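Taking it in order: structure first as structure tokens, then the write-up.
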Amino acid sequence: MVWDSRPSQFSSCRRRGSVLTGSMTQVRTRFAPSPTGYLHVGGARTALFNWLFARHHGGEFVLRVEDTDAARNTEEAVRAIFDGLRWLGLDWDAGPEKDDGRGPYFQSQRTGIYERHLDALTEAGRAYVDEGGAVRFRVPEQPVTVDDKICGSRTIDLVEEGSTCYDPESKQNVAANPDFVIRRADGSFLFHFVNVVDDIEMAITHVIRGGDHLANTPKHVALFEALGCPPPEFAHIPLILNKNGSKMSKRDEGASMDSYIREGFLPEAVRNYLSLLGWSPKDDREKMPIEDIIALFDYDHLNHANAKFDMEKCQWLNSEYLADVDAETFVKRARDWMEGTGESMWQDEAAPTVDAALRVMQPKIKHLPEIKEHWPRFFADDGVDAEAGAKVAGDPGAKDQLGVVRSHLAQVEDWSEDSITGALDAAAGELGIKKGKFMFGLRVLATGAAQGTDLLPTLAVVGQERILSRLDRRLAEIFG
RNA sequence: GACCCGUUCGUCUAGCGGUUAGGACACCGCCCUUUCACGGCGGUAACACGGGUUCGAUUCCCGUACGGGUCGCCA
């Protein structure tokens, strides 16, 4: 028995084994990203699902960094993963900076552990060195059965499967060695092997991952068996596709988690939206507190079909959350975002005025970058939108009406929303028309645009002097 | 090319043999309103196709088509 001389491995298997036989051992899920670029939205969603599953079962969520490919890994990518997960509120119970005794949680620091398991495999006759000096795993002669909690069960013959591979050049299948490489000639280990070893060592009980890993799973099951451990439960979740229906790539809108951070999305909103891709509460709820999602999160609520990412709906959900935050929080969020843009235009205005303007914008905003569109309507004194200006110019009564409105606004003593309303009422009375008649023209003149924030509060925030000078200049500009 | 997986409005989805096929985003219309919105109400819009099974299929089975994934000394 290989395991007799390796008590630590044996005990970790037993621990996991007891989970599978239904005793009370803890559920342990993991997110195991490779730090080769940025945190992908699909990866974040995988992390989220693992986190939800662990939380639902009162278990633990583990973060493991799969950095065995030294050539492609970067420090920045590691940071992006941490930042993205923390931003989403996906706290890990074990992982980098939080070792529970099963670490380290960077694979690049676990070579000794892999060597131990490789020795066991070699002793058992399941691994050998090939002509090139790399170590290969001898795949089982018997087909392996993969029981996926979402995709169902099927049996695959690894020898047959692996004996050919597709050559894109010649567009045909060529002969191949079904025994896959688990260690390079330079001594570094490869994904399939380290992934399985660590799932054993880290006592992972449930593997929830993207459907792109489905085809790898027979290899993993074979490895678990060869290492003498029962495999965890597998659940392959549908992929997130871009608008065009293909796999999301870095160029696609919303593909990178840091874009959400940069654009000032609310993490709760993004988390909520992501949880709705491939999972459903199976009732009509969409906007849901995370506690409710946790309570309902299980295999039965997961879908099988890939989902296209819909940025518009993500923004809508963001606006729903944005509407819930109090004004003070909104202003803070908005200011954080503004500062992050590095734009100079924010700098010129007095802080209280900016805060007041942001409060007026809040109900209109779905997505913080929209502040950029609203900003000039408050703070730019020149330039009227051409189409809007033409519309006002084309209204025969507008010129005189707006002149009257201007004179009433000029007489206001304590410039406020109420006093402005009073002035407008007085103007309407003098003209013998309803206010609605000139509101559009006033909006265009006062803000330079046909649409925007609620007009009265906007006028109040911008200030009397500024509004009057805009009216004068633009009246002249439009009516020549 | 081989092997897997999938297929309900444009998009996310509910549905698990008998429903006027429901909700949400987006879109359109109406109402509300001092403006832009919000909101309220209403509308357009889907079971990929062909065979079975069944008294009856969106639901079950088999094909076809389409979409996706995998086939590395990447993860």
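Chain naming here is simple, since letters A, B, ... match the order of the sequence lines and numbering starts at 1 in each. As the structure is a prediction and not an experimental result, all values here were calculated from the model.
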Task: Same-atom distance (C1') from B:U59 to B:G18, integer angstrom - done: 11 Å
TODO: When you get a sec, tell me which of B:A75, B:U34, B:U11 is the closest nucleotide to the side chain of A:K435?
DONE: B:U34
Task: Closest nucleotide among B:A14, B:C12, B:A75 to the A:A307 side chain - done: B:C12
Task: Atom-pair distance (CD1 on A:I365; P on B:C36), nearest Å - done: 19 Å
- [ ] Mind telling me whether A:Y299 and A:H206 have parallel, tilted or perpendicular rings, with 30° and 60° as the class edges?
- [x] tilted
Task: C1' atoms of B:C47 and B:C9, separation to the nearest Å - done: 10 Å
TODO: State which of B:U13, B:A75, B:C36 makes the closest approach to the side chain of A:R72.
DONE: B:A75
TODO: Indicate yes or no: at least one non-hydrogen side-chain atom of A:W51 is less than 4.5 angstrom from one of A:I290.
DONE: yes
Task: Rounded distance in Å between the C1' positions of B:G1 and B:C16 - done: 37 Å
Open item on the list: My understanding is that a pair needs two contacts under 3.5 Å, Watson-Crick or G-U wobble. By that rule, which nucleotide pairs with B:A24?
Closed with: B:U11
Open item on the list: From C-beta outward on A:K247, which listed nucleotide comes closest to its side chain: B:U35, B:G6, B:G69?
Closed with: B:G69
Task: Between B:A26 (C1') and A:E312 (CD): distance, integer Å - done: 5 Å
Open item on the list: Distance check, C1' atoms only: B:A21 and B:U58, in whole angstrom units.
Closed with: 8 Å
- [ ] Please state how far atom CD1 in A:I182 lies from atom P in B:C74, giving the value in whole angstrom units.
- [x] 14 Å
Task: d(CG, A:L424; C1', B:U33) in whole Å - done: 15 Å
TODO: For B:U7 versus B:A48, give the span between their C1' atoms, rounded off to a whole number of Å.
DONE: 7 Å
TODO: Considering only atom C1', compute the distance from B:G22 to B:G69 and round it to an integer number of Å.
DONE: 31 Å
Task: Nearest-0.5 Å distance, OH of residue A:Y260 to CG of residue A:L39 - done: 10.5 Å
Task: Salt-bridge present (A:D198, A:R110; N to O < 4.0 Å) - done: yes
Open item on the list: With the 90 degree cut-off around zero defining syn, does B:C62 come out syn or anti?
Closed with: anti
Open item on the list: Distance check needed: B:C4 P versus A:F234 CZ, whole Å only.
Closed with: 19 Å
Open item on the list: Check this one for me: any side-chain N or O of A:K308 less than 4.0 Å away from OP1 or OP2 of B:U11?
Closed with: yes
Open item on the list: Can you tell me whether the side chain of A:K364 and the base of B:C38 have a donor-acceptor pair closer than 3.5 Å?
Closed with: no
Open item on the list: Between A:F49 and A:F297, is the ring centroid distance below 6.0 Å?
Closed with: yes
TODO: On the 0 to 90° scale, with breaks at 30° and 60°, tag the A:F379-A:W375 ring pair as parallel, tilted or perpendicular.
DONE: tilted
Task: Sugar-phosphate, base or nothing in reach of A:D212, heavy atoms under 4.0 Å - done: sugar-phosphate
TODO: Report the distance from atom CZ of A:F193 to atom C1' of B:G72, rounded to the nearest whole Å.
DONE: 18 Å
- [ ] For A:G452 and for A:S153, locate the closest nucleotide of RNA chain B by heavy-atom distance; then report the residue assigned to the nucleotide nearer the 5' terminus.
- [x] A:S153
- [ ] Would you mind pulling out the nucleotide paired to B:C47, Watson-Crick or G-U wobble, both distances under 3.5 Å?
- [x] none
- [ ] Find the partner of B:C30: check Watson-Crick (N1-N3 plus N6-O4 or O6-N4) and G-U wobble (N1-O2, O6-N3) distances, both under 3.5 Å, and reply none if neither fits.
- [x] B:G40
Open item on the list: Nearest to the side chain of A:L214, heavy atoms from C-beta on, is which of B:A75, B:C25, B:C5?
Closed with: B:C5
Task: Phosphate OP1/OP2 of B:C74: any A:N216 side-chain N/O under 4.0 Å - done: no
Open item on the list: Main chain of A:N242, side chain of A:S246: is a donor-acceptor contact present, judged purely on distance under 3.5 Å?
Closed with: no
TODO: Tell me what A:G436 touches on the nucleic acid: a base, only sugar-phosphate, or nothing, going by heavy atoms under 4.0 Å.
DONE: sugar-phosphate
- [ ] May I ask you to say what A:T68 touches in the nucleic acid, namely base, sugar-phosphate or nothing, with a heavy-atom cut-off under 4.0 Å?
- [x] sugar-phosphate
Open item on the list: I'd like the C1' distance from B:C60 over to B:C66, given in whole Å.
Closed with: 22 Å
- [ ] Ignoring backbone atoms, test whether A:K287 places a side-chain nitrogen or oxygen under 4.0 Å from the OP1 or OP2 oxygen of B:C12.
- [x] no
- [ ] Could you tell me whether A:H236 contacts a base, only the sugar-phosphate backbone, or nothing, with contacts defined as non-hydrogen atoms closer than 4.0 Å?
- [x] nothing
Task: Presence of A:N306 side-chain N/O under 4.0 Å of B:G67 phosphate oxygens OP1/OP2 - done: no
Open item on the list: Side-chain N or O of A:R154 versus OP1/OP2 of B:C3: is the shortest distance under 4.0 Å?
Closed with: no
Task: G-U wobble or Watson-Crick pairing nucleotide for B:G72 (cut-off 3.5 Å, both distances) - done: none
Open item on the list: Applying the Watson-Crick and G-U wobble criteria at under 3.5 Å, what pairs with B:G67? Answer none if nothing qualifies.
Closed with: B:C5
Task: Approximate separation, where rounding is to 0.5 Å, of A:D252 CG and A:N244 CG - done: 7.0 Å
- [ ] Please work out if A:K219 contacts a base, only the sugar-phosphate, or nothing of the nucleic acid, heavy-atom cut-off 4.0 Å.
- [x] nothing
Open item on the list: Partner lookup for B:G18, please. Criteria are Watson-Crick or G-U wobble with both distances under 3.5 angstrom; report none if nothing qualifies.
Closed with: B:C55
Open item on the list: Given B:A75, B:G23, B:G15, identify the nucleotide with an atom nearest to the side chain of A:K282.
Closed with: B:G15
Open item on the list: Regarding A:G278, tell me which of base, sugar-phosphate or nothing describes its non-hydrogen contacts under 4.0 Å with the strands shown.
Closed with: sugar-phosphate
TODO: When you get a sec, tell me which of B:G68, B:G6, B:G1 is the closest nucleotide to the side chain of A:Y166?
DONE: B:G1
TODO: Identify whether any heavy atom of A:E286 sits under 4.0 Å from a base atom; if not, whether one sits that close to sugar-phosphate; answer base, sugar-phosphate or nothing.
DONE: base
- [ ] Report which part of the nucleic acid A:L277 touches: base, sugar-phosphate, or nothing (heavy-atom distance under 4.0 Å, all strands).
- [x] sugar-phosphate
Task: Atom-to-atom span, NE2 of A:H304 to P of B:C4 - whole angstrom - done: 18 Å
TODO: Mind checking A:A134 for me? I need base, sugar-phosphate or nothing, with any heavy atom below 4.0 Å counting as a touch.
DONE: base
- [ ] With rounding to the nearest 0.5 Å, note down the distance linking CZ in A:F309 to NZ in A:K243.
- [x] 9.5 Å
Task: Least distance between heavy atoms, A:L456 atom then A:E417 atom - done: CB-CG, 3.7 Å
Open item on the list: Closest-nucleotide mapping onto RNA chain B: is A:L302 or A:K437 further toward the 5' terminus? I mean the 5' end.
Closed with: A:L302
Open item on the list: Taking the minimum atom-to-atom distance to the side chain of A:A215, which one of B:A24, B:U13, B:U70 wins?
Closed with: B:U70
Open item on the list: For the P atoms, the ones on B:U13 and on B:G72, what distance do you get once it is rounded to whole angstrom?
Closed with: 31 Å
Open item on the list: Check the phosphate of B:G68 against A:S246, side-chain N and O only, distance under 4.0 Å to OP1 or OP2. Yes or no?
Closed with: no
Task: Value in whole Å for how far the C1' atom of B:C38 lies from CG of A:L322 - done: 14 Å
Open item on the list: Can you tell me which nucleotide in B:U35, B:A24, B:A75 comes closest to the side chain of A:S34?
Closed with: B:A75
Task: Check: B:U34 base within 3.5 Å donor-acceptor of A:D425 side chain - done: no
Task: Nearest-neighbour nucleotide for the A:E161 side chain, B:C3, B:G1, B:C36 considered - done: B:C3
